Amino acid sequence: MIYGKQERYDRAYLRMAVEWASLSHCTRKKVGAILVRDNMIISDGYNGTPSGFPNACEDENGDTHWYVLHAEANAILKIARSSNDAKDSTLYITLSPCKECCKLILQAGVNRLVYMHEYKDTTGLDFLRNAELEIVQIQDVI
């Protein structure tokens, strides 16, 4: 299959997000995120517990601990601790963001979202569409 230049880059960054997701210690879902601006990766993240907490994301019943950070939140928080910012960046993520993370994405200045799989609640995606973010879904990245 022949892809245009942007789609080739989108697929490549999504493959990186998939690899980053594999670093997660969560057992229910492993999610990875990559923030890119001007064809440079400026931040990355995967879902997991905050620094200093045990790596177990789920309790003995398999329920996710309330304090587990989502991949996109980790990427945004990581860049917030640097001298860089997410203004006019693209967020590549393996699972579309929840509504809470969508507020962070918008406020951080991300202007494009590329994701693979859709989260069951699309309220956040609708919020970002209303804010006129460009949103692209690419399910097969191989």
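In this chain, residues are counted from 1 in sequence order. These numbers come from a predicted model, not from an experiment.
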Verify same cluster id: [X], [Y] (apolar side-chain graph, 4.5 Å):
X	Y	result
Val110	Ile79	yes
Ile138	Ile135	no
Ile76	Ile93	yes
Val31	Met16	no

Is the closest side-chain heavy-atom distance between [X] and [Y] below 4.5 Å?
X	Y	answer
Leu91	Arg112	no
Leu104	Glu72	no
Thr94	Leu14	no
Ser89	Asn111	no
Leu128	Leu113	yes
Glu7	Val136	no
Glu118	Leu95	no

Straight-line distance of Gln139 CD to His117 NE2, nearest 0.5 Å = 7.0 Å

From Cys102 SG over to Arg129 CZ, what is the distance, rounded to the nearest 0.5 angstrom?
->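 If we round to the nearest 0.5 Å, Cys102:SG and Arg129:CZ are 9.5 Å apart.
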
Please answer whether the main-chain N or O of [Y] pairs with a side-chain N or O of [X] as donor and acceptor at a distance below 3.5 Å.
X	Y	result
Asp121	Thr123	yes
Ser43	Ala75	yes
Asn47	Ala71	no

Run through Thr122, Ile105, Leu106 and flag the one making a side-chain contact (heavy atoms from CB on, under 4.5 Å) with Phe127.
-> Leu106

Return each pair, listed once, that meets ring-ring contact (aromatic ring centres under 6.0 Å, His included) where at least one residue sits in residues 88-115; pairs must be two or more places apart or across chains.
->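 ring-ring contact (aromatic ring centres under 6.0 Å, His included) check on residues 88-115 returns Tyr13-Tyr92.
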
Keeping to residues at least two apart or across chains, list the ring-ring contact (aromatic ring centres under 6.0 Å, His included) pairs with something in residues 65-84.
->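 Residue pairs with at least one partner in residues 65-84: Phe53-Tyr67, His65-Tyr67.
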
Set of residues satisfying ring pair (Phe, Tyr, Trp, His ring centres under 6.0 Å) with respect to Tyr119, sequence neighbours excluded =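 Tyr119 satisfies ring pair (Phe, Tyr, Trp, His ring centres under 6.0 Å) with no residue once adjacent residues are dropped.
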
Residue pairs involving residues 73-82 (criterion side chain to side chain donor-acceptor pair (under 3.5 Å); sequence neighbours excluded) =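 Passing the test, one end in residues 73-82: Asp44-Lys78.
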
Partners meeting salt bridge (Lys or Arg N to Asp or Glu O under 4.0 Å) with Arg8 (sequence neighbours left out) = none

Show your reasoning for whether side chain to side chain contact (heavy atoms under 4.5 Å, CB included) applies to Lys30 and Leu23.
-> CA-CA 8 Å; Lys30 294 179 181 291; Leu23 298 173; over 6 Å; no

For Cys26 and Val68, run side chain to side chain contact (heavy atoms under 4.5 Å, CB included): C-alpha distance rounded to whole Å, both residues' side-chain angles, the deciding distance at 0.1 Å, then the answer.
-> CA-CA 9 Å; Cys26 296; Val68 169; 4.2 Å; yes

Are side-chain N/O atoms of Thr27 and Glu58 paired as donor and acceptor at under 3.5 Å?
-> yes

Does the distance from a Lys or Arg side-chain N to an Asp or Glu carboxylate O, for Glu100 and Lys103, drop under 4.0 Å?
-> yes

Shortest non-hydrogen separation from Gly48 to Cys57 and the atoms involved |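 Shortest heavy-atom contact: CA-SG, 3.9 Å.
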
Indicate the atoms forming the closest heavy-atom contact of Pro97 with Leu125, along with that distance.
->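 Distance-wise, the nearest heavy atoms are CD-CD2, 4.2 Å.
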
Can you list the steps and then say if Arg11 with Asp140 is a side chain to side chain contact (heavy atoms under 4.5 Å, CB included)?
-> CA-CA 8 Å; Arg11 289 175 178 279; Asp140 58 327; 3.8 Å; yes

Quiz: residues 32-41 side-chain donor-acceptor pairs under 3.5 angstrom, not counting sequence neighbours:
unit_1	atom_1	unit_2	atom_2	d
Arg37	NH1	Asp85	O	2.6
Arg37	NH1	Asp85	OD1	3.2
Arg37	NH1	Lys87	O	3.1
Arg37	NH2	Asn84	OD1	2.5
Arg37	NH2	Asp85	O	3.4

Under 6.0 Å from the CD atom of Glu19, do we count more than 12 heavy atoms belonging to anything else shown?
->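 Counting neighbours around CD of Glu19, 12 or fewer heavy atoms of other residues, nucleotides or ligands fall under 6.0 Å, so no.
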
Evaluate whether atom OH of Tyr9 has more than 12 neighbouring non-hydrogen atoms of other residues, nucleotides or ligands under 6.0 angstrom away.
->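 For Tyr9, atom OH is not crowded (no more than 12 foreign heavy atoms under 6.0 Å).
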
